[in-house]
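FYI, the numbering just counts along the sequence from 1. It should be emphasised that the depicted structure is a prediction, and the values quoted were computed from it without experimental measurement. The figures that follow rest on heavy atoms only: side chains count, while hydrogens, waters and symmetry mates do not.
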Amino acid sequence: MSYSVGQVSALAGVTVRTLHHYDRAGLLSPGGRSPAGYRLYDDADLARLQQVLFYRELGFTLDEIAAILKDPQANALEHLQARQRELAEEIDRLRRLAEVAARAIEVQQTGVRLSPQERFEVFGEIAFDLSYATEAQLKWSESHGQREAMRRAAAHTKEDWRELMDEAAAWRTELLAAFDAGEPEDGERAMDLAEEHRLHVTRWFTACPPGMHKRIADDFRADPRAFALVVPPSGQRPGLAEYLWKAVHANAARRADRCTAGEDGDERCAS
């Protein structure tokens, strides 16, 4: 069966101009001509065109394709293996570029508007794992508290961040001291530290009622990236995240009891 150049173009999804180019390059010369001199392709030509398009899809040049098709048995495997290595290297390069782009996006989503040098000066060991920041942003994107936290974080100056981090460092020192001293998770000292952390979040980011604070603590226990935001790896102890989680939950229960008993004012019970 014979096919006109227009029919082959429609069947293969390539332009007539491309087929003409393949003909001039010696890659695909039609097996026949019509009485009027027009190109006519047969089934063998279509099979060869499929090979050409396959190699083009893999990124081979026309000269490379011509060499492969000249002696497929001798050239195809070697060329394909070489191309596989090139594609693997390109995939790695693109993956690295994608990670760079993702991190750039994540930086914008954290709401921290500091240069890399300023980040180092202010945060020191506290490392913002940007993948966690992005996941949190997606997880809580519908939350008013998350939006408020991002808005306020974006408005913080370098001095604001420095004061915030100094406050967090002092709290962290007290937390480690309580843990190392064996203070019980539901004892006054541990619960007071949990309350200080809750108020710290409220002061610097967003209103943090006990229910929200418990969800934050749940992340501390479940995700090392989250806990590293409050205690860097160098200061962590086995069981410390669990200790803080229990202290936060104990403090939430204590506040609920006080509110029920009328020991706290309405505003404090709601916040």
Side-chain angles (χ1 to χ4, degrees), residues 100 102-179 190-221 223-236 240-241 244-245 247-248 251-252 255 265 267-271:
V100 170
R103 286 189 173 274
I105 293 169
E106 291 163 0
V107 166
Q108 296 302 312
Q109 291 178 329
T110 63
V112 180
R113 301 292 185 255
L114 298 177
S115 70
Q117 179 61 31
E118 289 174 325
R119 283 171 178 264
F120 179 77
E121 291 175 7
V122 171
F123 297 118
E125 279 192 276
I126 296 294
F128 282 79
D129 187 313
L130 298 177
S131 63
Y132 173 75
T134 300
E135 288 175 19
Q137 175 73 2
L138 294 173
K139 180 180 179 181
W140 304 109
S141 60
E142 301 302 317
S143 163
H144 170 75
Q146 175 71 7
R147 292 195 298 272
E148 174 68 7
M150 291 298 99
R151 184 191 67 78
R152 290 180 61 185
H156 288 341
T157 66
K158 180 180 177 179
E159 291 309 313
D160 289 334
W161 284 111
R162 193 182 300 280
E163 183 180 349
L164 182 162
M165 293 305 294
D166 286 345
E167 184 179 292
W171 171 85
R172 186 164 54 250
T173 298
E174 291 298 318
L175 174 69
L176 292 173
F179 180 80
M191 288 191 291
D192 287 348
L193 285 166
E195 179 67 7
E196 285 181 29
H197 181 266
R198 188 186 72 82
L199 295 176
H200 172 84
V201 174
T202 297
R203 186 158 47 251
W204 291 104
F205 297 105
T206 186
C208 184
M212 177 186 289
H213 199 213
K214 288 195 295 183
R215 290 193 294 273
I216 292 173
D218 291 345
D219 267 5
F220 290 163
R221 185 174 71 159
D223 194 328
R225 299 172 302 172
F227 189 54
L229 293 176
V230 291
V231 181
S234 64
Q236 292 180 11
L240 182 60
L244 179 57
W245 177 81
V248 168
N251 180 59
R255 285 183 51 78
E267 182 178 350
R268 288 191 59 197
C269 285
S271 64

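For the residue pair V231 and Q236, the shortest heavy atom distance occurs at O-NE2, 2.8 Å. Between I216 and C208, the shortest heavy-atom contact is CD1-SG, 4.0 Å. Here the closest non-hydrogen pair linking N251 and E195 is ND2-OE1, 2.8 Å. When all heavy atoms of E196 and W171 are compared, the pair lying nearest together is OE1-CD1, 3.7 Å. When all heavy atoms are compared, the tightest approach of A178 to L193 is CB-CD1, 3.8 Å. Across P210 and A252, no two heavy atoms sit closer than the pair CB-CB, 3.8 Å.
Considering only residues two or more places apart in sequence or on other chains, D192 meets the side chain to side chain donor-acceptor pair (under 3.5 Å) condition with R254.
By the 30° and 60° cut-offs, the orientation of the rings of H197 relative to H213 is parallel.
The NE2 atom of H200 sits 4.0 Å away from atom CG of L164, with the distance rounded to the nearest 0.5 Å. The structure places CD of E167 at 7.0 Å from CD of E163, a figure rounded to the nearest 0.5 Å. Expressed to the nearest 0.5 Å, how far CZ of R221 lies from CZ of F227 amounts to 12.5 Å.
For the pair D160 (side chain) and T157 (backbone), a donor-acceptor distance under 3.5 Å is present.
Taking 4.5 Å as the limit, some side-chain heavy atom of M212 sits within range of a side-chain heavy atom of T206. Between D166 and R162 there is a side-chain heavy-atom pair separated by less than 4.5 Å. Inter-residue side-chain proximity for R198 and R255 is flagged as met; some heavy-atom pair is nearer than 4.5 Å. The shortest side-chain heavy-atom distance between L229 and F220 does not fall under the 4.5 Å cut-off.
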